[in-house]
Structures are given as C-alpha cells and as structure tokens.
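What you are looking at is a predicted structure, and each value in this text was computed from that prediction instead of being measured. Chain A is the first sequence line, chain B the second, and so forth, proteins listed ahead of strands; every chain is numbered from 1. Side chains are part of it too, since the values below use all heavy atoms of this structure and drop only hydrogens, waters and symmetry mates.
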2 protein chains.
Amino acid sequence: MRMIKWQNGTVITLDQTKLPLQEVTLEINSVDQMAEAIKVLRVRGAPLLGAAASFGIALAAYHSTATSREKLLVELENAGAFIKRQRPTAVNLFWGVDRVLYKAKAVKGNAAEVKKAVILEAQQVADEDASQNRKIGKHGSILIKDGDTILTHCNAGELATVEYGTALGVIRKAWEEGKKIKVIADETRPLLQGSRLTAYELKRDGIPVTLITDNMAGYVMSKGLINLVIVGADRIVQDAVFNKIGTYSVAVLAHEHKIPFYVAAPKSTFDLTRKAANIEVEERKPEEVTQIERMQIAPKGIEVMNPAFDATPLKYITAIITENRIIYNKDFGDFKKGKI
Amino acid sequence: MRMIKWQNGTVITLDQTKLPLQEVTLEINSVDQMAEAIKVLRVRGAPLLGAAASFGIALAAYHSTATSREKLLVELENAGAFIKRQRPTAVNLFWGVDRVLYKAKAVKGNAAEVKKAVILEAQQVADEDASQNRKIGKHGSILIKDGDTILTHCNAGELATVEYGTALGVIRKAWEEGKKIKVIADETRPLLQGSRLTAYELKRDGIPVTLITDNMAGYVMSKGLINLVIVGADRIVQDAVFNKIGTYSVAVLAHEHKIPFYVAAPKSTFDLTRKAANIEVEERKPEEVTQIERMQIAPKGIEVMNPAFDATPLKYITAIITENRIIYNKDFGDFKKGKI
C-alpha cells in the first residue's frame, strides 16, 4: 500500500496519530500543513519523512506564484529550511529537501520548467523508496530462519516508508517466503509507535505479533524467546546508529544475551560526515511523557526528560541491511569510507 | 506518614490506584475487601503487602462469629489461603499471613484470646516494618555520595511500605543527611508506579526527581547521568532477585555501564528455600498493556504478554541492603546459608 502520493497539487497520506483506532486520510495542500504534519508525527518514520520532505518542496513549487526562476528558487530554499527545522535529528528530512532543491537548481529552464522538474523529482524520491525497501527486504530475509521470533522496536514498517517497510520489510519478505515467524513488538513509549503502528500493521497483514512494554525486552530475551532483533534507523553516522529512544537499551540487552541485532535502512539514512557526539538529539515536549491522549498520568509540573532518539554505538550492531547489501560488523570500515 | 493502620476493626490505607491525581482514603472492613484491594493494587509494594496480609487475618479474626478456638483457626486458615491466592509472586503476602497464623496457633487460650493476639500481632508486623525501613535507610545511605544522581524503577517508597520506604528510604535518609542528590524515576509500564507513585512521593517530600520512560534508562546511563541504581524487591531467592518487570533490563544496563546496582529489602523478602526457576511469575491481564485508564492504546484483540515481575540473577547485583546490614556481592554466599 502506498503511504504517500501526489495528486494534482495535494499530497495524500494517512494521519498516523489516529491509528490504530481510526484510518484517517490526510490531504496536505501547503508547506505549512506539511510542516505541521511532520512536527506532530502525523507523518513519521525516517524513509517516509524523506518522501514527505520532497513532496513539501513540490507543494511549495506547485502553489508558488513566482514567475521568475530566481524568485521561485528562493521560495523553495525557504520552504526547505522551514521543513528541516521541524525535526532536527531525522537526516532523511534533510536529504529529501536537499535532493529536490539540487534538482531545482540543476534545471536550467524557466520557473514553469523548474516547477515541473521539482514535482517529478519528489515523485521519483517516493518511487525509489518503495523499490529500495523491497531490495532491503530481499537482502535481509536470509538472516531470518523458519521458526524465528524477532523483536522490533518502534515502527520501521510500511507506515514508516513509502511502501513495504525497512525492518518490517525484512520481516514481511521472510513471511512472504513462507517462513513461520513471530514478531514481538516493544510498545515504544512515549508515543507508542510499537503498539499503535507496528502491532496494527503486522496484525493487518496476518503476521503473528505479540505486544510487550519496553521494559519486558530483557525478560523475553532471558527466557530464550528472541532469535534476533531488527530495527530501523533515523541517522547512521561514523560511529553510531541513531534511532527511536530505547533502541540503545535493546541493543545492549541483545549484546548481553548474544542475540544478533540488525539495522535495516536505505543509503539515504547514512550521514558519514559526522560522529554521534555532533548530532543534536530532538528533545520533545514533556506532555508526551506525562499525558496519554491528554489524560494526565504523572504529577502535574513534574520534571521530565523526553529525548526522541538515542545513539547505539556500532559495536552493538551485528549488521546493517541496505538496498545494496548486508554490511556485517567486521566490514563497517567500508561504509565509513563511503562504500555502502 | 503511616500508610496502613488498624482502627477498631477497620484497616485504613490509601487507594494507590487513584494517585497521583487524588488522595483517596480506603477503609477496609473485611477479608474480601482486603483481597480485592491487593488484587487490583489499591494496596501494593512488597513490605506493605506483608502488613496488609497480616491485617487481613486480623479482620477475619475481628469479624469472626466463631466461639470455639478450633473453628476460629479454620476460618483464619481459609482467609490466609484466600489472601495468598491474590498475587502468587509476592512472598511478603505469604510471610504476613503465615506470621499471624503462627501466632494464632501458638496462643493456647480461647477464641477471644486468639482474636486479641492476632490483632496485636498484625499491628506488630506493621510497627516492625516501619522501624526496619529506617534501619535499611541508615545502612544504605552510606552508599550515596553528596551530588549523586540515583536511578530507581517502580516504587519501593513509603507508598510501598508501612512507613519511610526501602529503596526510597535509603534515598530519603541520604537527603535527610543533607546530601544534595537527584533521582531519575522510570515510569514503570504498564501500571506506571514510577510516574504515579515514585514521582508523586518524592515531589511531595521535596526531593528533586525527573521522570523518564523505561526505555530511556540506557540513554541516561550512556550520558553519564547516573551514579547508582537502587530498587526494592518482591522476593529474593537463592540465585536471583524478583522485582517489578523491567528491573532485570535496568540491571543489565547498569552492569554494562559499570554503575552500582543496589537492592533494598527487609529480611522478610528473602525466600532462601527456592531458586528462580521454581517461582511462578504472576501474569496479569492484557488490558493493563493495551489500555490506560480504560482508553485503548493498541489494536483490539492484539496478543499481549504481561508478566508482573522478572528475575535478576545475583551477578548483576552489587549489594543487598537489609535492616541488619549491607550484604555485598562477594558475601552473597552468606545469605544463601541463612545469614542475612
């Protein structure tokens, strides 16, 4: 199922804040609406954010009244900067904006020609993501054996991508190949992407899934219930993988239990100019921790930490699965040299 | 503040399911009411459960119409068996029942004399818990240095005991000694004892506390923010400490980060006739995971695991603090020989 698409100047997607209880289609008609949807996680998931960012620039182009090429490019630059500010850690957002802006600047024609190229490029970004995820699934599925139980954290599924999913794409492929597998999904506090999205998506597709709270991950591992862990990634830097808060805890637990820990992510997630220490981690509002759907679950005014991501050092990662291949830990030197 | 007390045939306590938003006093007048309060966690926390169980037998005695000693003892035995069935993992429940039943049988007088002795013994159990916790606090506080930040999981506070708390008793004592400390509290899904109870209790008492979701424990450790971990215990067996689900994950993370991991618990928590493999772990209802205050947060009908406790092998535990002393890991052989 296509999670995001362009339809005559409107971007059509699913409002993920309403899942799993309601499937509400979201029609986005402006850069402002796209920025809001990104900010409050109506649209979320690293690869989907890449496509959403590209489509944001396409919306800016489509609705622009600029008649000169130069004026249009300035508008697109501003739209891109605005979109990037919504979520500082997600590299795909930056990548999606920059790729379309690069195309806009490369087109030598007039404003109308630039607009057309920008819209086509955004659609191209989405199409490529769908095809890359199937490749990730194909490469990764050999890591899953018949009968395996797989732990996953957050949602790196179809709902996080344009189609098919990354971590859940690998699981989906193994399932399509007829392997009898089971998934255990961390609920992923504070925003519950595991219970709201991963459990929903796998149940919808008939793949057996059991929901646990995040703090049960160690328990299920200690009971020998987990054969491998697969998660997605929001940004892969020289020395670590940034992903949803809690990923690092799961990686340490997997390491202690000698359970393979895999990351599935497209090449666009790699940001090899940087190290973990230089990445700003998005701190989200305290109400995400102290309230659930506006219901207060903690004392009012309590001090809270709410980092959206954590960094898992590469030593805890068994392999990274990209659309090109599986990169095993011993070859991580490769991607640091740009060979992904 | 006394968390539980006897008042003319009524047990007075706080309905902990209503915290932190409301402080509702609970008046318990029968064994059935006490069993319900234990089952749904209106009364919870290992040491408090010991006192509650003792008071449950006292209620059975007080309201009994039995005129013969023998008939009364049968009623008390039945009440004890009923109370024990409410939560199979909590050893203090068994201990509280058995201690009062032992006293009842030891009294050689008539029914009236047995009743009187039972009620006095239950009050004695409560008084001893209050005094033991202060001793635990005194022994343990030397482990906390001025300026330390302490991570805790679940609620082993005053709210989990008759008075003062075990893990939070140690923290409270250090605070009373003038040490400038901070606490980071795991929210402790599914029932949120960390956010609802620990954050509430520490804030009420003016001890600085910051709330995190359970899956942030690894993150805060990796950032060097945690100097030590202190938790309570529900049952200590020959080879492991049973405590709230998620404790094991925190212990593994502390071990990986070389952070001391302490358990504070009275001697009544020790059950040295058994090993972890022989302990039944209470599996609670799935709605605790799929709903918060009756609001659905996961797909309907999703498969769920909901163990209430996990077992932390002794190798992850730096020391256990009892009312007698600190037992360091190298001396754990002592308590296996009954020397606590």
Student: How about residues 229-240 of chain A versus chain B: which residues have heavy atoms under 4.5 Å apart?
Tutor: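 Checking residues 229-240 of chain A against chain B gives no residue, so none.
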Student: Specify which of A:Asp310, A:Thr210, A:Ile184 makes the most heavy-atom pairs with chain B at under 4.5 Å.
Tutor: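 Between A:Asp310, A:Thr210, A:Ile184, the count favours A:Thr210.
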Student: Looking at chain A, which one of B:Met221, B:Arg196, B:Glu187 has the largest number of heavy-atom pairs inside 4.5 Å, strictly under?
Tutor: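 Of the candidates given, the most pairs with chain A belong to B:Glu187.
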Student: Measuring heavy-atom distances to chain A, does B:Asn306 have an atom under 4.5 Å in its side chain, in its backbone, in both, or in neither?
Tutor: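 When you check distances to chain A, atoms from both the backbone and side chain of B:Asn306 fall under 4.5 Å.
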Student: What closest approach, in Å, do B:Leu225 and A:Met305 show between heavy atoms, and which atom pair accounts for it?
Tutor: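 For B:Leu225 and A:Met305, the tightest heavy-atom pair comes out as CD1-CE, 4.0 Å.
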Student: Among A:Ser222, A:Pro208, A:Gly246, A:Ala217, which residue forms the greatest number of heavy-atom pairs with chain B at distances under 4.5 Å?
Tutor: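 Of A:Ser222, A:Pro208, A:Gly246, A:Ala217, A:Gly246 has the most heavy-atom pairs under 4.5 Å with chain B.
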Student: Output, in order, the C-alpha distance, side-chain angles, deciding distance and verdict of side chain to side chain contact (heavy atoms under 4.5 Å, CB included) for A:Glu256 and B:Tyr316.
Tutor: CA-CA 12 Å; A:Glu256 182 75 6; B:Tyr316 295 107; 2.6 Å; yes
Student: Considering only heavy atoms and a distance below 4.5 Å, find which of B:Ala185, B:Gly218, B:Pro307 pairs most often with chain A.
Tutor: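 The answer is B:Pro307.
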Student: Only heavy atoms, only distances under 4.5 angstrom. Which residues in residues 294-304 of chain B are near chain A?
Tutor: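 Near chain A, by residue number: B:Met295, B:Gln296, B:Ile297, B:Ala298, B:Pro299, B:Lys300, B:Gly301, B:Ile302, B:Glu303, B:Val304.
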Student: Begin from the C-alpha positions of A:Ser249 and B:Leu253 and carry the test side chain to side chain contact (heavy atoms under 4.5 Å, CB included) through to its verdict.
Tutor: CA-CA 7 Å; A:Ser249 291; B:Leu253 288 164; 3.6 Å; yes
Student: Quick check on B:Val220 against chain A: is it the side chain, the backbone, both or neither that has a heavy atom closer than 4.5 Å?
Tutor: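 The side chain, not the backbone.
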Student: Within the side chain of B:Asn215, is there an N or O that forms a donor-acceptor pair under 3.5 Å with the backbone of A:Arg189?
Tutor: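 Yes.
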Student: Please classify the contact between B:Leu21 and chain A as side chain, backbone, both or neither, with a heavy-atom cut-off of under 4.5 Å.
Tutor: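 Only the side chain of B:Leu21 comes within 4.5 Å of chain A.
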Student: Tell me whether B:Thr213 contacts the main-chain N or O of A:Pro190 through its side chain, where contact means a donor paired with an acceptor under 3.5 Å.
Tutor: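 Flag not set: sc B:Thr213 to bb A:Pro190 has no pair under 3.5 Å.
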Student: With a 4.5 angstrom heavy-atom cut-off, could you sort out which part of B:Ile292 is near chain A: side chain, backbone, both or neither?
Tutor: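 Both backbone and side chain.
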Student: Would you mind telling me which of B:Val252, B:Ile212, B:Ile245 has the largest number of heavy-atom pairs within less than 4.5 Å of chain A?
Tutor: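 Maximum pair count with chain A is reached by B:Ile245.
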Student: Between B:Tyr219 and A:Phe309, what is the shortest heavy-atom contact and its length?
Tutor: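 The pair with the smallest heavy-atom distance is CE1-O, 3.9 Å.
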Student: Between A:Leu19, A:Val289, A:Asp214, A:Leu211, which shows the greatest number of heavy-atom pairs under 4.5 Å with chain B?
Tutor: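 Ranked by heavy-atom pairs under 4.5 Å with chain B, first place is A:Leu211.
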Student: Distance from B:Tyr248 atom OH to A:Met216 atom CE, nearest 0.5 Å?
Tutor: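 Interatomic distance, B:Tyr248 OH to A:Met216 CE, rounded to 0.5 Å: 15.5 Å.
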Student: Should the heavy atoms of other residues, nucleotides or ligands under 6.0 Å from NZ of A:Lys182 be counted, would the total exceed 12?
Tutor: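 No - once you tally the heavy atoms of other residues, nucleotides and ligands closer than 6.0 Å, there are 12 at most.
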